[in-house]
Structure formats: structure tokens, C-alpha cells
Amino acid sequence: MLPFKLVYSDDYFLPIGAHVFPAEKYQRIHKRLLETGLAEAVDFVAPKPASDRDILLVHTPRYVQKLKTGTLSAREELEMEIPYSPELVRAFWLAAGGSILAADQALKDGAAFNIGGGFHHAFPDHGEGFCMIHDVAVAIRRMQCDDKIRTAMTVDCDVHQGNGTAAIFAGVRVPSAPLPSAGGSTITTSSPAKIRSAHAGDVFTISLHQENNYPAWKPPSSIDVDLPDEIGDDDYLAWLDNALSSGLRQFEPELLCYIAGADPYREDQLGGLNLTIEGLKKRDELVFRVAKARGIPVMVTYAGGYAQKVEDTVTIHCNTVVAAKQVFGGK
Ligand SMILES: [Zn+2]
């Protein structure tokens with residue numbers, strides 16, 4: 001039995017037809033976790049859909065109304081890049097409910113996973129980049145509304161910048177001294193990453209992403225690390241370490257929301273970084289170790305993953321559970 005819960009439903013499947021987003025990945029992760037003995041049936045808990053009230057903590061009434069009545073414009077549907085259906089709306093409401101439950105469980109157990117979610121490109125008034133509803137933001141706002149937390153930090157390691165997260169939790173941008181370079185001697189790339197910082201409100205947002213990738217317009221997170229193409233494991237881990245240290249020097253979150261995208265993988269179809277499966281697991285371990293050392297509960301969501309072989313995406317996501325078990329499992 002794991003020392004943390006895995007929130008999961010077969011209904012996380014996104015009914016989007018043939019698509020670069022492998023909508024069946026959630027079911028495959030669930031199956032793999034059970035088959036390998038990494039998790040048992042008792043480790044899983046089933047989510048309920050978020051209520052409309054929960055969704056409205058983040059999204060505008062007009063947008064929610066359009067989703068519920070099927071009245072998005074053709075342009076809005078195109079921007080979302082997944083085909084609208086009432087079933088798809090239900091899947092996103094359920095994913096948001098899953099993140100609410102995972103956040104709640106993380107506050108009780110120190111860690112929890114939503115085996116789904118991480119839809120970080122959804123904005124209050126529109127969806128984009130395969131994301132309709134920002135489940136992580138909904139979960140944070142719901143925890144705050146219930147007086148369970150005051151502050152949270154998002155750590156987004158998907159290859160694409162968390163533009164929805166940045167927009168939703170936009171703080172006041174203030175001039176700040178440049179952050180120290182990430183460990184100097186450990187950075188080996190010839191074109192270094194750029195780090196930008198802005199002040200946060202009650203939610204501090206960190207995003208590490210490939211600079212030359214979607215989204216073209218990257219609204220400022222509290223800390224953005226704009227990584228050059230083809231960056232490998234060691235440099236990536238050094239920048240992540242740096243961003244976490246910088247963020248946690250500036251801000252004390254009561255919940256850390258880790259968006260564990262599988263798409264920084266070297267064989268990802270939509271990513272241009274060069275991380276290995278082992279490097280991605282070290283990334284997960286680093287986030288968990290830092291959170292555990294500071295006693296910050298962690299809620300994990302999965303976000304993107306478009307490896308040429310879906311099996312690799314499944315492995316990377318399952319390894320995040322392995323990493324958590326290594327960090328949180330032992331006494
Ligand atoms: Zn992505």
C-alpha cells in the first residue's frame with residue numbers, strides 16, 4: 001500500500017477521436033501501476049465531478065455557459081484544439097474534481113496524485129492547447145475557499161509554458177535583480193536558459209519550459225525559465241533546482257502543485273528538449289525531495305506527453321509514482 005492516494009477514474013478518457021493527445025493514457029497508466037504491483041486497488045480513490053460553483057472560482061460565467069450549452073464559436077473550438085462535445089465537458093469537470101480531491105488528500109497525507117489533470121493552458125474565459133478547464137487552479141481556489149490553505153505554489157515542468165496558470169494567478173510584476181545562474185559549473189549548454197521573475201500574489205507560479213515552443217505569447221509566471229532547444233538532463237535538473245530554491249526563498253506555500261508533464265522527453269512529438277526517461281524520473285525526485293525537506297504537501301497532475309511510443313509516455317508518468325514512493329515511502 002502506498003503512503004499516498006492516487007485519484008483516478010476510467011472516465012478521465014477524453015473523447016477526442018484520433019489525436020496527438022493519447023487520451024487513453026490514463027487507463028494505460030492505471031493498468032500498468034496495478035500490473036507491476038507498484039500500486040494496489042486500495043491505493044486508488046475515485047473523484048466526483050467538480051461542481052459548477054467550483055469551476056466558476058476560476059472561469060468566467062460566460063465561458064462556462066458556452067461550454068454547458070455547446071455554444072462555443074468555431075474559432076473558440078479551434079483554439080482549444082480538441083473537438084467539443086458534452087461528453088468532453090463532463091471529462092473536464094471530472095478532471096477538475098479529481099484535482100480538488102488530490103489537493104485535499106495531499107493536505108492530509110503529504111502527497112497525492114491526480115492520475116490526470118494538469119490542463120495548464122486553460123484561461124478563465126477560453127480554452128486552448130487541448131485544455132478546457134484549469135483543474136489545478138480550480139483545486140487551489142477551492143482549497144482556499146474552504147480555508148484549508150492560504151497560499152500555493154505551482155511547479156510546472158511540462159515542456160510548454162503554463163500560460164493559463166500564469167494568467168490566472170498573475171501577480172504584480174516588479175523589477176528584480178537577476179537571479180544567480182544555475183550553479184555555474186553544472187550548466188554546460190552553449191546557449192543558457194533565461195530566467196525571468198515577477199512577484200506573486202497568493203499563488204506563486206514557476207514554469208520551466210522550452211522557449212521556442214507553444215505558446216507564442218507567454219504571460220509572466222512568478223518565475224519563468226525559458227530553456228533553449230535540446231537541453232539535456234543535467235542542465236535541466238540544475239535549472240529546476242535553481243528555480244525551486246529561488247521560489248522557496250521568496251515564498252512559503254502551504255501546498256505545492258506539481259505539473260509533471262511527460263513531454264520534455266527527447267522522443268516527444270511536440271517537444272524539443274532532450275531529457276531521458278531516467279532524467280525525467282530524477283526531475284520528479286528532485287521536486288519531491290525539496291517539498292518533503294520543507295514539509296510542503298505535494299499534489300501531482302500529469303499534463304502533456306506525446307512520445308512517439310505511447311508506452312514511453314506511460315512509463316514516464318508511472319515513474320513519477322515510483323519517484324514519490326522512493327521519497328515519501330520510506331521512514
Ligand atoms: Zn505540454
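Heavy-atom basis, side chains included; hydrogens, waters and symmetry copies ignored. Start at 1 and go down the list; that is how both ligands and their atoms are numbered.
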The Zn ion (ligand 1) - name of the N/O/S atom of D263 that sits closest to it: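 So the atom name we want here is OD2.
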D158: its N/O/S atom lying closest to the Zn ion (ligand 1) (atom name):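 Going through the N, O and S atoms of D158 one by one, OD1 ends up nearest to the Zn ion (ligand 1).
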Aromatic ring proximity, centroids under 6.0 angstrom, F130 and F119: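 No, the ring centres sit 6.0 Å or more apart.
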Centroid-centroid distance, F4 to F113, less than 6.0 Å: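 Here the rings of F113 and F4 have centres that are less than 6.0 Å from each other.
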Short side-chain donor-acceptor distance under 3.5 Å, D54 and W93: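 Checked: W93/D54 side chains show no N/O donor-acceptor pair below 3.5 Å.
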All side chain to side chain donor-acceptor pair (under 3.5 Å) counterparts of H126, not counting sequence neighbours: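 Partners of H126 by the side chain to side chain donor-acceptor pair (under 3.5 Å) criterion, ordered by chain and then number, come out as E128.
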Heteroatom N/O/S of H160 within less than 2.8 Å of the Zn ion (ligand 1):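 Yes, within the cut-off.
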